[in-house]
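Heads up, the thing below is written out as structure tokens.
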4 protein chains.
Amino acid sequence: MPLSTPLPAPLTGVVPPLCTPLTDSGQVDVRSLAALTERLVAAGVDGLFVLGSTGEAAYLPDIQRRTVIETVVDAARGRLPVLAGAIDMATARVLDHARTAQKLGADGIVATAPFYTRTHPAEIADHYTRIRDTVGLPLFAYDIPMAVHTKLPADTVLALAADGVLAGLKDSSGDEGALRRLLVRLRTVDRGFSVLTGSELSVDGALLAGAHGVVPGLGNVDPAGYVRLYAHARAGRWRAAADEQDRLAALFSLTDVGDESAMGRSSSALGAFKAALHLLGVIDSPATAAPQLPLDDDAIRTVRQLLEEAGLL
Amino acid sequence: MPLSTPLPAPLTGVVPPLCTPLTDSGQVDVRSLAALTERLVAAGVDGLFVLGSTGEAAYLPDIQRRTVIETVVDAARGRLPVLAGAIDMATARVLDHARTAQKLGADGIVATAPFYTRTHPAEIADHYTRIRDTVGLPLFAYDIPMAVHTKLPADTVLALAADGVLAGLKDSSGDEGALRRLLVRLRTVDRGFSVLTGSELSVDGALLAGAHGVVPGLGNVDPAGYVRLYAHARAGRWRAAADEQDRLAALFSLTDVGDESAMGRSSSALGAFKAALHLLGVIDSPATAAPQLPLDDDAIRTVRQLLEEAGLL
Amino acid sequence: MPLSTPLPAPLTGVVPPLCTPLTDSGQVDVRSLAALTERLVAAGVDGLFVLGSTGEAAYLPDIQRRTVIETVVDAARGRLPVLAGAIDMATARVLDHARTAQKLGADGIVATAPFYTRTHPAEIADHYTRIRDTVGLPLFAYDIPMAVHTKLPADTVLALAADGVLAGLKDSSGDEGALRRLLVRLRTVDRGFSVLTGSELSVDGALLAGAHGVVPGLGNVDPAGYVRLYAHARAGRWRAAADEQDRLAALFSLTDVGDESAMGRSSSALGAFKAALHLLGVIDSPATAAPQLPLDDDAIRTVRQLLEEAGLL
Amino acid sequence: MPLSTPLPAPLTGVVPPLCTPLTDSGQVDVRSLAALTERLVAAGVDGLFVLGSTGEAAYLPDIQRRTVIETVVDAARGRLPVLAGAIDMATARVLDHARTAQKLGADGIVATAPFYTRTHPAEIADHYTRIRDTVGLPLFAYDIPMAVHTKLPADTVLALAADGVLAGLKDSSGDEGALRRLLVRLRTVDRGFSVLTGSELSVDGALLAGAHGVVPGLGNVDPAGYVRLYAHARAGRWRAAADEQDRLAALFSLTDVGDESAMGRSSSALGAFKAALHLLGVIDSPATAAPQLPLDDDAIRTVRQLLEEAGLL
């Protein structure tokens, strides 16, 4: 039976959304995934989030999603809580993923609002309530309009926070103004609610604004950088936090190495994260899931150069 | 073993996207689904499309999706070809659905481009090629930007039509100008390719422009109307076709009966289709899948009135 | 004083949105604009629409807009009604353009909903009411979501049609389903209301659906084609209308000649219309307004070839 | 002749986008606009920006735009630089506004990319180059995708900054991640370039990230708050800056007082700013320009309450 690692309330700190290393034939590379997990634990992160957008959840069939959760829960050995994405179109499908994640030992569930369909805020509230009622685990709402094509309404999040349906919010909306207003309003709610920003390039500002932590895709590549950034912020060393964020923002250029006239944004960004992890010796192959296209040699060279400039290689 | 009903090439005529009747407790109502199938066969439609957007595919867990295919394949008894939607986020997940559909006796597969992620046309082409190569069935591309948030590029569709990867296109883009240009360009390609419009309110114009058929959600409610419209068009009775389309456009107002300030567009439109089928005595319950909200009594009354005005009740 | 040409109610037929020929130094080429007007009159069109999107209204300063209206009103010599676009961000600015157009002899005004700002349907209704109340001319609503980024709500159009605020609608939304529903609902309103489609590639279908006419940008290049298409439709020769539409849809490929990785869509489409008019000897220069970029020689060659294939050169 | 007040390079600090007070009959209220100017100067702001989105530039006819510039230039008496928005659809029209602003004594020009049309980055670069070449004043690019519907590409901004075409950027995109990356890349460019955030709810984070100042709509209502926030940030008192930002974020709720089912977002937000200024005794009427709708008494009461909670009344 997997170790249970109760989530702190609120969950705070650096919670990287793990890449899912694949073999060249497209299978989950269990060894590499365990190695990535170990590297993140060693860097001092505060939690692990599997099967998010960075983890290529959209591309992985159910059997591979299960392998990912099992592998990371096993590799974490109870040292850190494991959040699992239950990413699917609507309630019943999300529930199936959430139940599986619970069975496999995940400590929390992360779910978006319904997508593909057109949903009203009242329906979104019902969606989260059903998930929470069915699966007893702490539930995080995942606000990612780039993928879901609607933004979670602040009133809905606040009501679900007050009711205890939601344990937290992963905000990848990029809308820092709305985030600020939410944080101010959340102060009237019980303190256990956790707001994690997914905007990995303005973490200093988000922490200054009161966010509890960050879910940085780039944290796969430079977890220690985000751990330092978070520590600086918690200690009130805002200038140092900003300098660290600046360095990470420069490193983030690796997500642009792919030729955007020839491949999608996922191929470029997720491909670059994996190329970096491969160059760093963490994972065995930079392969991404179909139908994403591989980076060419020039792009890989640029990734290497950016890693060197960031002092990582 | 299910009866195989080879798809004509090109597939033509009226191919309704079947609603998925549910019991009040949210299970697939197998009896009602068989009854709906029988009603459509009796009305003279040319094919059956299960697990499309109208079929609430986004809301149904895998086990219910399987039940839907089994039920309709069984009820059709080889009298009509059955197309099955394989609606999911990206290639590997779509492949799982497509393989299942094939095993359960579907005669063709309908799949969108990847969604939730950001995809390049070259990746979309690869996506369809992998599906076609893995599952031997005729493959239809489903262009529904409202759900997928990108439009299938015409060049991609043409190339995949010429290569034989795609057997057809279900165009729910609502972009009749782009459709016209595609139809003109498709004439240089082998004649087996089928273009079915999902724009159920401009079917006369689409057929005049050379479309091969229609996939009308409203065809659940009034299949005979669409069969007549199609027959008029094929016989060159364009004025009669337009009059029939006008009548159906008026009936389509039932999709607006839901209060848009209180529920999503799916709740209103799919709820109204099901309410109509319930009032017509075809299905046992108007229930829609969670988290969609039910129509209130006023809305149901309006559905009844519209059915009466259309001569259906 | 300019000749007044009262608009028929409803306005019907082919009403091309005139290109605005420019000199190489960016001035309105009055001679060429008069020649274009004469060519359209000779082709048998039913009205002239200046300062629409095709007329580069967005690019022309007020003084050039005035020159355009004066030139076309003068060249039309009362033979055809002249509609003038009053394209600007909100009510007061639109009113200034509308008053000027009236003074210069325009027979009708075409205006969009407010753009740049975020507007409620009640505000849009007020916008049109103020324009109509201030300027006595017949007023057409211009529905062009690609530019305005909202779609005119059907309920608003219907209410303004019933109240007599609007004389008609130019529908460039490309949403043929919504157009069909509007046309069906408009039958309950007084018959003087005119619906003109701006979707120049599905004119046969729009006329079959009950539209009163068309505002085709491509009608600058091939006005006779649209006049024939309209005549076929009015005479119930729908097959012949569709064949003409097919020919025009093939010709429309000229709007794609520009390299989309190097220039905007306006540069390509408006540049191609002007290049065609230049090759046909109608206008003196293919220049478009800044900051649009010129087509290169390859693109011009393709325009020439498409004109030849369409039998125009 | 108006006093010239050369812009510092880079421009820094608090530069409020002035509301345009109107009389009940819709004229520019010159007295109130001068009073607002005086209030801002007294509060210690660093510059004045007229005819931005907050200034209802979209709604004002040319003659009123002129009055606004004249009034504020006159009222500023050379104590502060005055930036003027030259908001229009494309280059030639923007040039007309920019020339007028220059003649009337504006010290800098603020212009968006073309809108209503579809523009390529190369065309946007040409647009700004032509404006700068024609009007000698310092030129600020205004990135406001909510109104313009495209985002200014970072590469374009960087190239125009390096070439000296642009003196600065007003970033109202709300995309703090893109802003951070731009700020990091701008360090390689000459230090005279000014980045002002228009995201008035994350000013602390933007300043921490290296932004030079802020253009806060809410600064009409509480200029002293933004002046304090800026001073805290410049002195490295980040906690105090964040507390001030929190207070301002709570006050910002006044932009939501309008009933969104009955009026547009502009009516609510700009109406609330003006209602607040009216309640504070700065301007004579809360009237907004047509077709915006007025706030009702309940909304006004909420504005009053929020002003009281913020300690302003």
- Taken to the nearest 0.5 Å, the spacing of A/Leu207 CG from D/Trp238 CH2 works out to 14.0 Å
Picking from [options], which has the most non-hydrogen pairs under 4.5 angstrom with chain A?
options: D/Leu183, D/Val184, D/Asp175, D/Leu179; value: D/Val184
options: D/Gly210, D/Gly205, D/Gly177; value: D/Gly177
options: D/Gln245, D/Glu200, D/Arg185; value: D/Gln245

- Check whether A/Arg187 gets within reach of chain D through its side chain, its backbone, both or neither, counting any heavy atom under 4.5 Å.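 Interface part for A/Arg187: side chain.
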- Query: By a 4.5 Å heavy-atom criterion (distance strictly below it), what part of A/Ser253 contacts chain D: side chain, backbone, both, or neither?
  - Reply: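 Answer is both: backbone and side chain atoms of A/Ser253 are under 4.5 Å from chain D.
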- Within a strict 4.5 Å, meaning less than it, do heavy atoms of the A/Leu201 and D/Arg181 side chains meet? yes
- Determine whether more than 12 heavy atoms belonging to other residues, nucleotides or ligands lie under 6.0 Å from atom CZ of A/Arg304.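 No, CZ of A/Arg304 has 12 or fewer neighbouring heavy atoms, counting only those of other groups under 6.0 Å.
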- Query: Just wondering, are more than 12 heavy atoms of other shown residues or ligands nearer than 6.0 Å to CD in D/Glu260?
  - Reply: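 Count not over threshold, so no.
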- Item | Considering all heavy atoms, the nearest D/Ala249-A/Arg180 contact |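 Result for this residue pair: CB-CG, 3.9 Å.
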